[in-house]
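Just below is one structure, and these are the notes that go with it.
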Amino acid sequence: MLYTHRWDTMGKRMMKRYSLCAMVVCIALQLLAVDARPATITIRPDDILKSDFGGFGFQMDYYYWTKRNRVRGVDETNFANVIARRWKELMPGFARVGLLVKDWEPTQGIKTWDSDGMIALIKTLTLLKETNTEVYLTTWQNGDNIPEWLGSGHTLTDPAMQQEFARTHVDLLEYLVRTKGFTNISCYCMANELQTADGWGVLESQMDVFKAYHQKLFDELQRRGLAGQIKLLATDQSSSSGYSTIDWALSNMDAITGIYGGHHFTSSAPDTTDFYPESILPQLKTYSGLAAGKGKNFIIGEFGSNYNGGTWICPARNYAGYGLMLAEFALAGLNSGTYAMSNWCFFDFYYCEGCLMQWGAFSDVESGFKIFPHYYAYGLMTRYFRPRSTVVRSTSDSSLLRVAVVRRTESGQYTLAIVNRKTADESVTIEGLPGRKTFDVYVYAASNPLAADGALPAAIRKVRMANQILSDTVPANSLTVYNEADEKAPDDSDQDGEP
């Protein structure tokens, strides 16, 4: 009996252990099953975030065509075959362009419409008009960019000098719009990042002076009948948190302000996963909302990452993750109701002797116009998220899947973008789209080779909705863009997404 009891006791112990192991395995399998379920993205077509989205684009300054860059090899051939071709490939809907007063009025009262700088400006604006790109102009106030007669860039409180500043700039705007026909110019700000010759951001503590300049500009635009064409922007401040000067402008100069805007440069590493929900999205929501409360739009005139970088160089652009970061910037713009965004900058060239700008989506002529990874990721956003689209609300039940959706005004077709910040592929089900739609799928990921000639990634497949659901898998660390295709009958070679 003792022997039997001993085995009976041992058996019960073993059974308990087996039961415990079985329970652990069961729980693990359940967790795996939960993890294996597709993430759900929900689209609400009737919940409109922005009815008149303006587009994505770049800073596109014109100095690449001035002598200092032409002597280095920029010519008509590479303008046509590289610069213009790549611009047309990405089809930016929005661009910011910086002006130099010395290009059109180096001496008071004497215009130089045929100067080297003006020829370059007209060449650039002609390209932007060809792509129907909306243009935001601002003036570089630093260094010798402002001629001596206008005060060498120093902020002046003399009302007569403020009037001369307004007069010469509206002379330029009138020439560009009425004489040259650049009616895609829509807004202007008197200083880049509130700078003067004394440094960047000097006007942040002299907002009454900034307002005085804009009042003179506003009055001059009104007098010449251009106020309906060109809106004044306040304030172009650069900040990665709040915009104190925009707060001030909202309270003190809304009557002369047609649009609000600032810059956002993050110091976060390109592969960070908390930048989107904790930094850029909240800031854009706040200021887009404040501007909307005044019946105005809000834009981001410059954005990017200065991670381990500075004024002239952006090391982040060497990382594939920077493409995802810029795509997240764009998603934040869409989901916050921001009107338009301009990335700094389109490509590299010398802004002055010894000043090679190295923030571009591709390098300068002497470096062979080498393309950086973010060209392809952000390029998908500029090309497929078109101006005049309607942004509708979308949500994801996974915090590392970021999504935005637009409906194109002219066709009613949809475009979706998903950034997957997970290190594994993710199955997704997309709910809420009306009808039975077919989408071309474009992917920016390590698994999808990129073209060295600047062509954006081609569609890698088509997917179709089945039972009001779009099902697909997005690669790890990727941007996937779904662009609604024209409806056609299914064929044997095109079965993805079929029920």
Are the side chain of [X] and the backbone of [Y] linked by a donor-acceptor contact shorter than 3.5 Å?
| X | Y | answer |
| --- | --- | --- |
| D61 | G98 | yes |
| R386 | M91 | yes |
| Y243 | H263 | yes |
| N252 | W248 | yes |
| S336 | A332 | yes |
| T235 | T245 | no |
| T179 | L176 | no |
| Q358 | I313 | no |
| S239 | G242 | yes |
| S478 | T480 | no |

| remark: side-chain hydrogen bond (donor to acceptor under 3.5 Å, both in side chains) with S186: of K231, E134, Q229, only one passes, and it is E134
| said: Please determine whether side chain to side chain contact (heavy atoms under 4.5 Å, CB included) holds for the pair F298 and I259, giving the CA-CA distance in whole Å, both sets of side-chain angles, and the decisive distance to 0.1 Å. | reply: CA-CA 6 Å; F298 176 80; I259 188 168; over 6 Å; no
| query | According to the interplanar angle, ranging from 0 to 90°, do the rings of F349 and Y63 count as parallel (below 30°), tilted (30 to 60°) or perpendicular (above 60°)? | reply | perpendicular
| said: Parallel, tilted or perpendicular: which one describes the rings of Y175 and W113, with boundaries at 30° and 60°? | reply: parallel
Does [X] reach the side chain of [Y], with side-chain heavy atoms less than 4.5 Å apart?
| X | Y | value |
| --- | --- | --- |
| F58 | V97 | no |
| P475 | V443 | yes |
| F372 | S363 | yes |
| V391 | V405 | no |
| L194 | D236 | no |
| V481 | L416 | no |
| Q237 | S244 | yes |
| V403 | N335 | no |

| Are W104 and H169 near enough that their ring centres are under 6.0 Å apart? | yes
| said: Tell me if the centroids of the rings in F347 and Y64 come within less than 6.0 Å of each other. | reply: yes
Rounded to the nearest 0.5 Å, what separates atom [atom1] in [X] from atom [atom2] in [Y]?
| X | Y | atom1 | atom2 | answer |
| --- | --- | --- | --- | --- |
| T107 | K102 | OG1 | NZ | 13.0 Å |
| L232 | L221 | CG | CG | 5.5 Å |
| L150 | N145 | CG | CG | 12.0 Å |
| Y444 | M381 | OH | CE | 13.5 Å |
| F346 | M357 | CZ | CE | 15.5 Å |
| L250 | K296 | CG | NZ | 8.5 Å |

| task | Kindly indicate, with the supporting measurements, whether the criterion side-chain hydrogen bond (donor to acceptor under 3.5 Å, both in side chains) is fulfilled by T131 and W87. | result | CA-CA 8 Å; T131 53; W87 183 266; 3.0 Å; yes
Assess whether atom [atom1] of [X] is packed by more than 12 heavy atoms of other residues, nucleotides or ligands within 6.0 Å.
| X | atom1 | result |
| --- | --- | --- |
| N132 | CG | no |
| F265 | CZ | yes |
| K123 | NZ | yes |

Apply side-chain contact (heavy atoms from CB on, under 4.5 Å) to [X] and list each qualifying residue two or more places apart in sequence or on a separate chain.
| X | result |
| --- | --- |
| L400 | T273, S398, R402, R421, K422 |
| D364 | D348, Y350, L356, E366, S367 |
| D171 | E105, K111, R167, R224 |

| message | Looking only at side-chain N and O atoms, does D158 offer a donor or acceptor that is under 3.5 Å from a partner on Q162? | response | no
| query | T266 and S240: side-chain hydrogen bond (donor to acceptor under 3.5 Å, both in side chains), yes or no, with the steps? | reply | CA-CA 6 Å; T266 179; S240 58; over 6 Å; no
| task | Go through the steps for W344 and C314 under the test side chain to side chain contact (heavy atoms under 4.5 Å, CB included), then give the verdict. | result | CA-CA 10 Å; W344 183 275; C314 174; over 6 Å; no
| note | Tightest non-hydrogen contact, residues S342 and Q59, listed as OG-N, 3.0 Å
| request: Go through the steps for N192 and Q195 under the test side-chain hydrogen bond (donor to acceptor under 3.5 Å, both in side chains), then give the verdict. | output: CA-CA 6 Å; N192 168 66; Q195 72 186 116; 2.6 Å; yes
| Verdict with reasoning, D453 to R85, per side chain to side chain contact (heavy atoms under 4.5 Å, CB included) | CA-CA 10 Å; D453 65 354; R85 185 173 66 83; 4.2 Å; yes
| field | Residue of the set Y378, Y322, Y276, F275 for which ring pair (Phe, Tyr, Trp, His ring centres under 6.0 Å) holds with F329 | value | F275
| Pair D116 + R70, salt bridge at N-O below 4.0 Å | yes
| Ion pair present between R72 and E353, side-chain N to carboxylate O less than 4.0 angstrom? | yes
| task | Mind running salt bridge (charged side-chain N to carboxylate O under 4.0 Å, His left out) on R86 and E89 for me, showing each step along the way? | result | CA-CA 5 Å; R86 290 179 181 177; E89 176 71 7; over 6 Å; no
